[in-house]
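Naming: A, B, ... by sequence-line order, numbering from 1 per chain. Computed from heavy atoms alone, side chains included, the values below leave out hydrogens, waters and symmetry copies.
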Amino acid sequence: MDYQRLAALMFPQELKTPEEYETIFPPRNLPEGAKITRMAPSPTGFMHLGNLFGAIVDERLAHQSGGKFILRIEDTDLKRQVPGAVELITKVFGQYGLNIDEGVTSQGEFGEYGPYYQRQRAAIYQAYAKKLVLEGKAYPCFCTEEDLEQMRNLQEQRHENPGYYGEYAVHRDMDVDQVAQLIAEGRPFVVRFRSQGDPDKTVSIDDQIKGKIVVPENNQDFVLLKSDGIPTYHFAHVVDDHLMRTSVVVRGEEWLSTLSWHIQLFGALGFKMPKFAHTSHMMKVDGDKKRKLSKRKDPEASLDYYRTEGYPPESVKEYLMTVINSNFEDWRIANPDAPLETFPFSLKKMSVSGTLFDMDKFRDVSKNVIARMSAEQVYQAVTDWAQEFDAELYDALTADPEYAKAILAIGRGGKKPRKDLALWSEVKDYMSFFYPQLFKPNYTMPQHIAAEDVQRILRDYGAIYNPAEDMQEWFGTICKYSGEIGFATSTKEYKAAPDQFRGNPGDTTMVLRVAVCGRQNSPDLYSCMQIMGSDMVKERLQSCLNSMK
RNA sequence: GGCCCUAUGGUCAAGAGGCCUAAGACACCGCCCUUUCACGGCGGUAACACGAGUUCGAAUCUCGUUAGGGUCACCA
């Protein structure tokens, strides 16, 4: 077989040689143990929770080892491409604080190993494909989609494995003259790998997460270059990760099924294999079944969901860390205020089985994240969120920032901070009673407090309320007043003889709370009243009283 | 269906042959604290898929079964 002629026929254009590329993209000069990782999303206009999961692993692995983290765009599939998708990806990287060392950013590409868009690397793949043709390891295939479809049907009928292999690899040994003829006719062709694999034999790798993985050798003559000259994932992955000198490939376990293809290709091209880390999937319960989180069916699969709902990116990251590394939670309890980046991440601690997304747990994590934030930080984040998603809230927050911050500061910052908020869309309701335009009172009093006592308290309190009192004095006044209306003056006193009192100071406070806040649950009432100011407090008492007539 | 991966409470998981009478977290339930709530404290319910084998000894190693998941494209 005249491979020289075949290659010239298939690649008439001027191409650099693989040797040249080897010198253009030399091995990296990095300290021992430094890892090169890369995130390689396709620009489909959708960022999945799983994408972020992988990106966090990549980022931690690289930066924890003093290595490099690359963002490469796998835009080889024109059909799935969506305008603005790359912007979405870089935006997400920004939101989640995933800093890359080279690749694609919102400001363009940078780095010595580019281009980082695969479409722009077409000539590189072709150079390597040509090399394979020259060595008899690849060949052109002129089958149409219909041909392949027919073949698949036949294979199905015969209960044989589908695919292009063995006797079904019909163009594998096509005569060069015939190839010349077909190319002259302008017939499109793909470049296929000439597999020498024997499926009765196995190959194995030592996966960084899953340990030893054994798979049968591949015998499929899979496609390297599509008819438009753009590579498939398989070929692009091998060429790029070699040329970019990736040392650890982190990817989802759905790639395990074609791992043997990749192993074969690395060998055929004479490349050193990177390490592989195959991550398990995020799952979701669907009825009584478990399945991979699906971007079509599950809103929470999309990162955009968290943004829209108002979950802080830190919460999503923190939750993902609890899933990614099993010892993270213990570490967090021991180091409540430490930045995420100081957690000693390890691939060895990664879960091998699929993880169910747990909304309850996620909410809890998010509450803790928000509880750790300062009022100032919360204010900033909520305002940013509201600007995009809730104009009414945004107006309220920005009309008087200091007022809003004071509200958000209640119960915050101490040893046992309040954990009311799991996401920003809960903020509006949480603080609504501080704003007349948002106030929607529900004046339901606890059943056990007599109606006449309620009215009496509401009538009297305006006169004894003194905003100058500190918290202790304030409560003292309430206790004293409680005694005057036949309530106990302390909880203790009440509990000792509940029959002798019609209520206790807690009841008095509750009446005031319902009137002032329009609800039975609120943060510390004294703080609320201080922030509102006496005018609003008195007005609320009156409104509540009026509503009872 | 072939191939591959996986299997500890409802969920996330600790566990590397004896330290397991199986940790911790979320959720749930009870009690305590408390001006309500949110916290916090204390306690509780709840698990090694099944069957063989190896071993003095198995959640842990091997094999099988079952179940779940993934994948079988000129998508990634």
Side-chain angles (χ1 to χ4, degrees), chain A residues 40-44 74-80 141 143-145 148-149 152 156 159-164 188-192 199 207 210 213-216 220 222-228 230-234 236-237 251-260 278 280-281 283 285 289-292 319 322-323 325-330 332-333 349 351-365 367 371 410-411 414-421 430 446 471 474-475 478-479 482 491 504-514 517 519-526:
Chain A
S42 17
T44 57
E74 307 226 323
D75 56 352
T76 54
D77 186 8
L78 225 41
K79 289 180 295 255
R80 301 208 311 172
C141 167
C143 287
T144 62
E145 283 187 40
L148 297 172
E149 174 79 40
R152 230 184 330 258
E156 207 166 301
H159 300 288
E160 293 181 44
N161 282 331
Y164 202 91
F189 63 90
V190 301
V191 181
R192 285 186 185 271
D207 189 87
K210 291 185 180 273
I213 291 173
V214 183
V215 285
Q220 297 272 345
F222 57 89
V223 173
L224 264 19
L225 253 29
K226 301 185 261 189
S227 55
D228 59 359
I230 297 297
T232 57
Y233 167 84
H234 313 289
H237 147 57
R251 58 172 20 170
E253 63 180 347
E254 69 272 19
W255 293 108
L256 246 23
S257 59
T258 44
L259 178 61
S260 64
H278 288 96
S280 48
H281 289 140
M283 313 291 284
V285 175
K289 285 202 160 43
K290 255 194 201 180
R291 59 170 171 75
K292 195 175 160 184
Y319 172 71
T322 69
V323 172
N325 251 193
S326 49
N327 53 335
F328 177 79
E329 279 186 84
D330 291 335
R332 176 50 85 202
I333 290 167
K349 287 278 184 186
S351 170
V352 290
S353 52
T355 298
L356 236 35
F357 183 81
D358 186 342
M359 198 38 112
D360 283 331
K361 181 106 173 184
F362 173 56
R363 280 185 60 85
D364 180 70
V365 167
K367 281 184 180 179
I410 303 173
K415 226 176 141 138
K416 296 191 270 183
R418 297 187 63 86
K419 297 182 184 176
D420 300 285
L421 267 19
Y430 176 71
M471 190 192 280
W474 169 85
F475 192 56
I478 288 177
C479 290
S482 298
T491 309
N504 63 59
D507 294 330
T508 311
T509 310
M510 179 53 91
V511 171
L512 298 175
R513 184 187 310 281
V514 171
C517 306
R519 59 178 72 177
Q520 292 190 14
N521 306 342
S522 79
D524 175 62
L525 183 59
Y526 171 77

Distance, rounded to the nearest Å, where [X] contributes [atom1] and [N] contributes [atom2]:
| X | N | atom1 | atom2 | value |
| --- | --- | --- | --- | --- |
| A:Leu259 | B:rG70 | CG | C1' | 14 Å |
| A:Phe328 | B:rA25 | CZ | P | 16 Å |
| A:Glu74 | B:rA76 | CD | P | 8 Å |
| A:Trp255 | B:rC75 | CH2 | P | 11 Å |
| A:His281 | B:rC5 | NE2 | P | 15 Å |
| A:Glu149 | B:rC74 | CD | C1' | 13 Å |
| A:Arg332 | B:rC26 | CZ | P | 15 Å |
| A:Glu253 | B:rU71 | CD | C1' | 10 Å |

Just checking [X]: base, sugar-phosphate only, or nothing, at a heavy-atom cut-off of under 4.0 Å?
| X | result |
| --- | --- |
| A:Cys517 | nothing |
| A:Thr355 | sugar-phosphate |
| A:Val190 | base |
| A:Glu329 | base |
| A:Arg192 | sugar-phosphate |
| A:Val365 | nothing |

Please report the interatomic distance [atom1]([X]) to [atom2]([Y]), rounded to the nearest 0.5 Å.
| X | Y | atom1 | atom2 | result |
| --- | --- | --- | --- | --- |
| A:Gln220 | A:His234 | CD | NE2 | 10.5 Å |
| A:Asp507 | A:Leu512 | CG | CG | 11.0 Å |
| A:Ser353 | A:Lys210 | OG | NZ | 8.0 Å |
| A:Ile478 | A:Thr509 | CD1 | OG1 | 4.0 Å |

Counting side-chain heavy atoms from CB outward, which of [options] is closest to [X]?
| X | options | result |
| --- | --- | --- |
| A:Asp358 | B:rC72, B:rC74, B:rG10 | B:rG10 |
| A:Arg152 | B:rA27, B:rC5, B:rA73 | B:rA73 |
| A:Asp77 | B:rA27, B:rA76, B:rC74 | B:rA76 |
| A:Ser257 | B:rU6, B:rG70, B:rC74 | B:rG70 |
| A:Lys349 | B:rU6, B:rG15, B:rC74 | B:rG15 |
| A:Asp330 | B:rG24, B:rG2, B:rC72 | B:rG24 |
| A:Ile213 | B:rG2, B:rA27, B:rC5 | B:rC5 |

With rounding to the closest Å, how many angstrom separate the [atom1] atoms on [N] and [M]?
| N | M | atom1 | answer |
| --- | --- | --- | --- |
| B:rC5 | B:rC19 | P | 31 Å |
| B:rC50 | B:rA14 | C1' | 24 Å |
| B:rA59 | B:rG18 | C1' | 13 Å |
| B:rG30 | B:rU45 | C1' | 11 Å |
| B:rG41 | B:rU60 | P | 35 Å |
| B:rG1 | B:rU65 | P | 13 Å |
| B:rU55 | B:rC61 | C1' | 10 Å |

Find which nucleotide of RNA chain B each of A:Ser42 and A:Thr322 is nearest to by heavy atoms, and output the residue with the more 5' nucleotide.
->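 The 5'-side residue here is A:Thr322.
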Let me know, please, whether A:Val214 or A:Pro162 comes out on the 5' side of the other along RNA chain B by nearest nucleotide.
->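 Nearest-nucleotide comparison on RNA chain B picks A:Val214.
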Any chance you could lay out the side-chain contact (heavy atoms from CB on, under 4.5 Å) test for A:Tyr233 and A:Ser42, step after step, and finish with the verdict?
-> CA-CA 10 Å; A:Tyr233 167 84; A:Ser42 17; over 6 Å; no
Donor-acceptor pair under 3.5 Å, A:Ser227 side chain vs B:rC74 base =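 Under the 3.5 Å cut-off, the side chain and the base do form a donor-acceptor pair.
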Base of B:rA27 paired with side chain of A:Lys361 (donor-acceptor, under 3.5 Å) |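 It does not, because no donor-acceptor pair links the side chain of A:Lys361 to the base of B:rA27 below 3.5 Å.
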A:Arg332 and A:Glu329: side-chain contact (heavy atoms from CB on, under 4.5 Å), yes or no, with the steps?
-> CA-CA 5 Å; A:Arg332 176 50 85 202; A:Glu329 279 186 84; 5.6 Å; no
According to the Watson-Crick and G-U wobble definition with distances under 3.5 Å, which dot-bracket string, read 5' to 3', encodes RNA chain B, using [ ] for crossing pairs and | for pairs with another strand?
-> ((((((((.[[[..)..(.....]]].(((((.......)))))....[[[[[..)....]]]]])))))))....
For [X], all residues meeting ring pair (Phe, Tyr, Trp, His ring centres under 6.0 Å), sequence neighbours excluded:
| X | answer |
| --- | --- |
| A:Phe189 | A:Phe142 |
| A:Tyr526 | A:Trp474 |
| A:Phe362 | A:Tyr306, A:Tyr311, A:Tyr319, A:Phe357 |

For A:Ser260, enumerate each residue passing the side-chain contact (heavy atoms from CB on, under 4.5 Å) test, keeping only those at least two apart in sequence or located in another chain.
->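 Per chain and number, A:Ser260 pairs via side-chain contact (heavy atoms from CB on, under 4.5 Å) with A:Val203, A:Val215, A:Asn218.
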Side-chain donor-acceptor pair under 3.5 Å between A:Glu74 and A:His237, yes or no?
->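 No - no donor-acceptor pair under 3.5 Å links their side chains.
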Please check the phosphate of B:rA76 (OP1 and OP2 only) for any side-chain N or O of A:Thr76 closer than 4.0 Å.
->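 Result: yes.
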So, is A:Ser351 near the phosphate of B:rA13, with a side-chain N or O under 4.0 Å from OP1 or OP2?
->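 Yes, such a contact exists.
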Tell me, yes or no, whether the heavy-atom count around A:Glu160 atom CD, taken from other residues, nucleotides or ligands under 6.0 Å, exceeds 12.
->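 Count over threshold, so yes.
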Its contact letters, B for base, S for sugar-phosphate only and - for none at protein heavy atoms under 4.0 Å, make nucleotides 28-49 of chain B read -------BBBBBS---------
